[in-house]
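Since the structure comes first, as structure tokens, the remarks are kept for the end.
Side chains are part of it too, since the values below use all heavy atoms of this structure and drop only hydrogens, waters and symmetry mates. Here is the naming used below: chain letters follow the sequence lines, and residue numbers restart at 1 for every chain.
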Amino acid sequence: MTARSTTMNPGSGSATAPRPAAGGAGDAHGPPPGLEALHTRITEWFSDEARDLPWRDPGCTPWGIFVSEIMLQQTPVVRVLPVWRDWLQRWPTPADLAAEPSGAAVRHWGRLGYPRRALRLHAAASAMVAGHDGEVPTTHDELLALPGVGAYTAAAVAAFAFGRRETVVDTNIRRVHARLVDGKALPAPALTAAEMKRAVALMPGDAGLSVRWNAAVMELGAVVCTARAPRCVACPVLDACAWVAAGRPAPDHVPKGQAWAGTDRQVRGAIVAVLRDAEDEVPRSVLLDAPVDLLQGGPSTVALTPGPLAALHGLQAPAEQLERALTGLLADGLAEESEGGVRLPG
DNA sequence: GACTCGTGGCC
DNA sequence: TGGCCAAGAGT
């Protein structure tokens, strides 16, 4: 298969890179020339280079795939792997998880981050038991109705667990499309309607191929067409990339960075970490008067440090913030008050 | 739309 | 060293 030196632009947006004179991909004249070649080259690359992930095993259940998709939201694969294995061994079916209190889900979520996802995963399992005969639902709309499942996850599970032809759009796919088709370094901060339309236009018509295409483009974005240091030398469609053809221009917008030190999120995370590591309830006074040491020893260190609120170092108004963070956690169902103190929901 | 919501590794 | 980033969802 000889590489072709054309760039792709199936969308109708502005284009500066040379491309075949073709109508928009959504018109009645079929896909633009070269699209099938892209399908072939990227899916063949995927066949050769795909990482061996357990949720990609043909024997993986829809529940295993569902769990992986929730855990992978905003969380790197390497950190998900051990937690996913433990989770599936502990709770092999939705009913197994639904039979536990939600606090057990939060506890075994470990340090994956965004622990409300554990809560929603537990709620989704309960919904599967209550309304889907204990099975993961198979359609996009049914999946979308589950807690913690948005457009991406609904499409991904329908595609990867049930072989459906869905337009999957995640951050990796958006970045690949932005570069390969648009010639831009990065996609817009938020998913746009135009992007979604273009993703639809790029989809193979065949269901089986569409599933491989979705997985392959996602993988390409994850391991080759990465955000910071793309490994273009390993790219199967380097010669077709509009961004490379344009001389790899810099991003035209500045990412707005996420503050962390001193935020409520940091305090919430520290409190949940204490509750998770505690066998039982933690007295409220201990939680608030002997706050977790947030700044000593780096981000992974969370320990009770007996002492005044000044232990919070640079944090402003720590007492108020602790109260606010705890109130938020209680409101979110991530923590519960009991007579003896605060604990994970049981 | 703009915000919020965890965590840890990396360039 | 530290800002940036990771298979987003909900409000």
Side-chain angles (χ1 to χ4, degrees), chain A residues 50-51 53-56 65-84 106 109-121 123-124 143-161 166-176 185-193 214-223 225-231 251 253-276 292 294-295 297-302 324-325 328-329 331-334:
Chain A
R51 290 168 294 177
L53 303 174
W55 44 86
R56 286 177 176 164
I65 293 171
F66 185 90
V67 172
S68 80
E69 290 298 344
I70 300 296
M71 290 184 173
L72 286 164
Q73 292 168 2
Q74 300 285 282
T75 308
V77 166
V78 289
R79 207 178 314 161
V80 166
L81 277 169
V83 180
W84 182 88
V106 175
W109 193 252
R111 304 190 64 82
L112 281 186
Y114 293 142
R116 53 176 61 183
R117 289 184 293 163
L119 234 40
R120 293 177 180 147
L121 181 51
L143 287 160
L144 192 59
L146 296 171
V149 176
Y152 161 75
T153 303
V157 173
F160 302 141
E166 303 281 342
T167 303
V168 179
V169 179
D170 78 322
T171 187
N172 291 308
I173 292 176
R174 293 186 63 212
R175 188 173 52 252
V176 171
L186 294 174
L191 178 63
T192 66
N214 283 325
V217 177
M218 202 179 311
E219 184 79 350
L220 187 63
V223 306
C225 196
T226 55
R228 268 181 290 186
R231 300 168 46 229
H253 66 90
V254 284
K256 59 171 215 172
Q258 352 176 23
W260 172 247
T263 62
D264 284 4
R265 285 160 89 174
Q266 186 185 28
V267 178
R268 286 171 57 112
I271 292 174
V272 172
V274 169
L275 298 180
R276 187 199 310 125
V292 289
L294 298 174
L295 301 182
S300 65
T301 296
V302 176
R324 183 169 67 246
L329 290 173
D332 290 347
L334 278 164

Over all strands shown, is A:L112 touching base, sugar-phosphate only, or nothing at heavy-atom distances under 4.0 angstrom? base
Would you kindly give the CH2-to-C1' distance between A:W260 and C:dT1, to the nearest whole Å? 19 Å
Could you tell me how far B:dG1 sits from C:dG8 if I compare only their C1' atoms? Round to whole Å. 16 Å
Rounded to whole angstroms, how far apart are CG on A:L329 and C1' on B:dT4? 13 Å
How many whole angstroms separate atom CD1 of A:I271 from atom P of B:dT7? 11 Å
Name the residue from A:I271, A:V106, A:L275 that meets the side chain to side chain contact (heavy atoms under 4.5 Å, CB included) definition with A:L334. A:V106
Do A:T153 and A:L143 come within less than 4.5 Å of each other through their side chains, counting heavy atoms only? no
Closer than 3.5 angstrom, by distance alone: can the side chain of A:R56 be matched with the main-chain N or O of A:A50 as a donor-acceptor pair? no
Between B:dG8 and C:dT1, how far apart are the two C1' atoms, rounded to whole Å? 15 Å
Summarise how protein sits on nucleotides 2-9 of chain C as a single string, 5' to 3': B when a protein heavy atom is under 4.0 Å from the base, S for sugar-phosphate-only contact, - for no contact. -BBBBBBS
Gap in Å between the two C1' atoms, one belonging to C:dC5 and one to B:dC5, rounded: 16 Å
Nearest heavy-atom pair of A:T75 and A:M71: which atoms, and what distance? CB-O, 3.2 Å
Less than 4.5 Å apart, any side-chain heavy atom of A:Y114 and any of A:Q73? no
In whole Å, what separates the P atom of C:dA9 from that of B:dG9? 25 Å
Answer yes or no: is there a side-chain heavy-atom contact under 4.5 Å between A:Y152 and A:T171? no
In whole Å, what is the span from the CD1 atom of A:I70 to the P atom of C:dG10? 8 Å
